[in-house]
Amino acid sequence: MWRNRSMGIASITSISAVLMILGVVLILILSINNAVLDTKLKFDEVEVFLVEDLSNESMDIIEETVKEYPGVLSILFRSKEQALEIMKEEWAEEAYLLDGLETNPLPDAYIIKVNDIEYADELVNDVKTLDGVEEVKYYKDVIDKLLIFAGYIQFGGIMIIGILVFISVFIISNTIKITVSSRRREINIMKYVGATNGYIRGPFIMEGVFLGIIGAMISIAIVYFGYEYFYNSMNDKLYDLFTFYLVDPKLIFADLAIMFGTIGSGIGALGSLVSLKRFLNV
Amino acid sequence: MWRNRSMGIASITSISAVLMILGVVLILILSINNAVLDTKLKFDEVEVFLVEDLSNESMDIIEETVKEYPGVLSILFRSKEQALEIMKEEWAEEAYLLDGLETNPLPDAYIIKVNDIEYADELVNDVKTLDGVEEVKYYKDVIDKLLIFAGYIQFGGIMIIGILVFISVFIISNTIKITVSSRRREINIMKYVGATNGYIRGPFIMEGVFLGIIGAMISIAIVYFGYEYFYNSMNDKLYDLFTFYLVDPKLIFADLAIMFGTIGSGIGALGSLVSLKRFLNV
Amino acid sequence: MIKLVNISKEYRNGVTALYDINMEIKKGEFVFLVGSSGAGKSTLIKLLLKEEGISRGKLYLDGMDITRVPNRRIPYIRRKVGVVFQDFRLLPNKTVYENVAFAMEITGSSPREIRRRVPIILSMVNLSRKASSFPDQLSGGEQQRVSIARSIVNNPPVLIADEPTGNLDPDTAGEIMKVLLDINNRGTTIIMATHAREIVNSMKKRVIALEDGRLVRDEEKGGYSIEIPNI
Amino acid sequence: MIKLVNISKEYRNGVTALYDINMEIKKGEFVFLVGSSGAGKSTLIKLLLKEEGISRGKLYLDGMDITRVPNRRIPYIRRKVGVVFQDFRLLPNKTVYENVAFAMEITGSSPREIRRRVPIILSMVNLSRKASSFPDQLSGGEQQRVSIARSIVNNPPVLIADEPTGNLDPDTAGEIMKVLLDINNRGTTIIMATHAREIVNSMKKRVIALEDGRLVRDEEKGGYSIEIPNI
Ligand SMILES: Nc1ncnc2c1ncn2[C@@H]1O[C@H](COP(=O)(O)OP(=O)(O)OP(=O)(O)O)[C@@H](O)[C@H]1O
Ligand SMILES: Nc1ncnc2c1ncn2[C@@H]1O[C@H](COP(=O)(O)OP(=O)(O)OP(=O)(O)O)[C@@H](O)[C@H]1O
Ligand SMILES: [Mg+2]
Ligand SMILES: [Mg+2]
């Protein structure tokens, strides 16, 4: 009785521990994904700066050329005056610096919204060669860096999850192996009395699944409430910068529950099966 | 034979797994600490903006007042011209905007370097009331936000480590409990033949320590080489922003080794002791 | 019922426990298996139970060749052969009642049938008072009687007993022998390995003697030793 | 050597296994403990070995009161009392040789002494050939002989044996009894619980009989049962 209880607790603990870490890493990855996606959306424009006093014809050509490209959502003209206004707004406190300007040194520009900034290279190269285009600016570099960086973190996270799952399956199958091995005598006796493999296997697999599901439930509870608490306290403090990208706990609860339940009971069942195998050949 | 081997592997795996995660979290916390420390150093100045054409007397008073404060490292005068130069440098590409200025709208200022920006509140409040001071700017808010944020992350990290250590001690002591329980008969027999508790305990504790140290060695190797690889590949790609704050693997190796070794063997020994206790009362 | 043809058994560590054994046991027979310690009695029983593989020779049960059978068929063979082990082999987490009931459960007996039969069997081996005890709360002899109860509860056509009276006082042993004789009279074939000279000599049943792994004697109405028991 | 005063034993589950036992066993005596299955023989032995606590009464060993002793002193009491268990209790991961040597190691014997003595003891119980076998490679009787070898290897002043011949054929049992008599003649006090009527009757030693937990007979040169053995 004591032996089984202790080993059950061990199994549940390992399953919960693994799933908890899995949950944390998952939330991290999801949040980073969120951030990357959002940043990509924000940087979805190409700025085309024009030479001073461009003719209407040249402007038409530019507009036409741009509009032909797939992935272009809209093209908008921004006059130098509008640009200065926007700048003043953005500078806020330091706007007084702009008040001292003699003339408006900013150029007219087209603002092109695109689908996905990653595929704007061709567009940019083409537009650059057009008459009357002074300079083309877009945030490809920033985005590229960000993407690579996010990729690294995601890769790292997935690696950690992979290692963890591997380790956990190992620990759990070992725990169960030990449970089974401590019941070796019991299994042997059952076999000698004429029990079939299925008859013996049944309860062990049930137990494995049961332990797995309990472990999953515990870890879901801890991860969910812990994360919700963290999420809310972050939001209270208004660290928008960061918490803006945190996934909403409510949105992931169902996914977490299904995922943890599946993984937990799967590991439990598999662990039992694998570890029983060697003992059933009596 | 097989039983012991399998359980040994289970113990080693759990110890390694825990220490590995511990290592990753540690490195994360250290790196964040680095970043915070560095940011704090960068934001170690208070800017005191002066009204236009301030008298030398008022300036002297300000200098004297400031110098009296403990924690003030230096006080430097920055003229409006110097300020504009610096601004132009910083703006680089957009410096042409400043060329259009009629007059220099920037104020003269004192730049006060302080020991720790966190304790500059009093200084700032005092200086604000002085004659000829237009405005005082320092990055207390930014730093505060950063600190609180870093604090959260560190707190989270330490929580995770705590939970992990707890879980791991539990798993390991359970694994060893199971090892011991599977040797219950053996221990009983030894006791009946007249073996003392010390005689029986010895090999088990040795085994626990041994397993712990092997687990520690494995996790050190994985964490160290894995992190070194990550570190180097990040440096290659020159993501200075981020990798600047990563701790150098070479610097932490010794600490990691000592820490992991101690924790690993400690957990092993403790686990054995704890789990043996109930079996020795025969 | 059981037929052994030229059977030999060599253990993996090189010990040859049985050499070239031939015997045939008919339905309803009562056979004593005797021989000194290490002669090969338990090994022979392990072969009949498919607990150990057969090195050479052929083994038949009920006309079927069971020398080699796939693992999944072994449970069904074992259900035909009740067995009392020298070391009892009781499930430590189950009570006496549950240990016996368990043997019925695995063969798919109905709960009602189990509730009816188990108490009868327990009273046959004089253990009704201990029905709710666990094995480690029993004396050696009591554990042996549980083992016996479990082996006969399913009414197997063959019953194999490895020293079923080894840990019993003569009175209890006598009662157990009565139980065995009783089920033997109802048609169950019984093979009993034993060292109990008095029991063998008094029962006047077939005796098969092993000596260092060889069959050295096979006698109807034999005695424990070779000298003919005084009449 | 051993003195029991009004000893009773009640197990935690409420079973009272011994009632009010009084006896005194002198140094160098050979005592048979007889009684039917469940009479309390093993329980009495467990009390002597401090395996179970004593419910009421007093127990003396070698003049010392050992009714209650701190746990850390128990190993030293057990070293004075060699024991052969009904269920052998061999270490499964050690060979026959190592199982016997182990009992010497824990008492701090020198490796040389161990190498000298273990083979002698193994040949006394006729197991020299099996020295490097593991317990599960032995027959029941062979395991019992290992258990006997281990119990006498340290020359304990008292030897307790719980049915040491239960799994042995009469010849091997006779040899074991010769070994026990031999060490008894060298001064070792021996208490042997047994069901072997022939052995008890032929040895003419002191017999203590238990019945349902009560001491019902204590006879010098007694027999297994109450009727005086025919002369
Ligand atoms: N698993 C095993 N591996 C190797 N040798 C074994 C194994 N089991 C038994 N033996 C050896 O085979 C021989 C026969 O053993 P077996 O158990 O059949 O004897 P037995 O007649 O039942 O003796 P006993 O009356 O003492 O129980 C012995 O020499 C024993 O040491
Ligand atoms: N651990 C225990 N807990 C409860 N009851 C027990 C325990 N051990 C033994 N008993 C009971 O105590 C009584 C005496 O048992 P004991 O083992 O002393 O008998 P025994 O004389 O050695 O019998 P046998 O000859 O069958 O070995 C029996 O009724 C038994 O069921
Ligand atoms: Mg045998
Ligand atoms: Mg007993």
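So you know, we letter chains A, B, ... as the sequences are listed, proteins then strands, and number each from 1.
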message: Just so I understand: if I count every heavy-atom pair under 4.5 Å between each of G40(C), A39(C), G140(C) and chain D, which residue has the most?
response: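 If we count pairs closer than 4.5 Å to chain D, G140(C) comes out on top.
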
query: Is there a donor-acceptor contact under 3.5 Å from the side chain of D169(D) to the main chain of H195(C)?
result: no

Closest-packed option against chain C by number of heavy-atom pairs under 4.5 Å, given A17(D), S42(D), P170(D): P170(D)

message: Can you tell me which of N126(D), L138(D), L168(D) forms the most heavy-atom pairs within a distance under 4.5 Å of chain C?
response: L168(D)

query: Within a reach of under 6.0 Å around CG of D212(C), are more than 12 heavy atoms found that belong to other residues, nucleotides or ligands?
result: no

- prompt: Are Q137(D) and V15(C) close enough that some pair of their side-chain heavy atoms sits under 4.5 Å apart?
  reply: no

Measure distances from [X] to the heavy atoms of chain D and classify the residue's part below 4.5 Å as side chain, backbone, both or neither.
X: E142(C); answer: both
X: R12(C); answer: neither
X: K130(C); answer: side chain

statement: One should read off an interatomic distance between R197(C) CZ and E198(D) CD, to the nearest 0.5 angstrom, of 5.5 Å

task: Decide side-chain contact (heavy atoms from CB on, under 4.5 Å) for Q144(D) and S37(C); before the verdict, give the C-alpha distance in whole Å, the side-chain angles of both, and the deciding distance to 0.1 Å.
output: CA-CA 10 Å; Q144(D) 202 152 37; S37(C) 175; over 6 Å; no

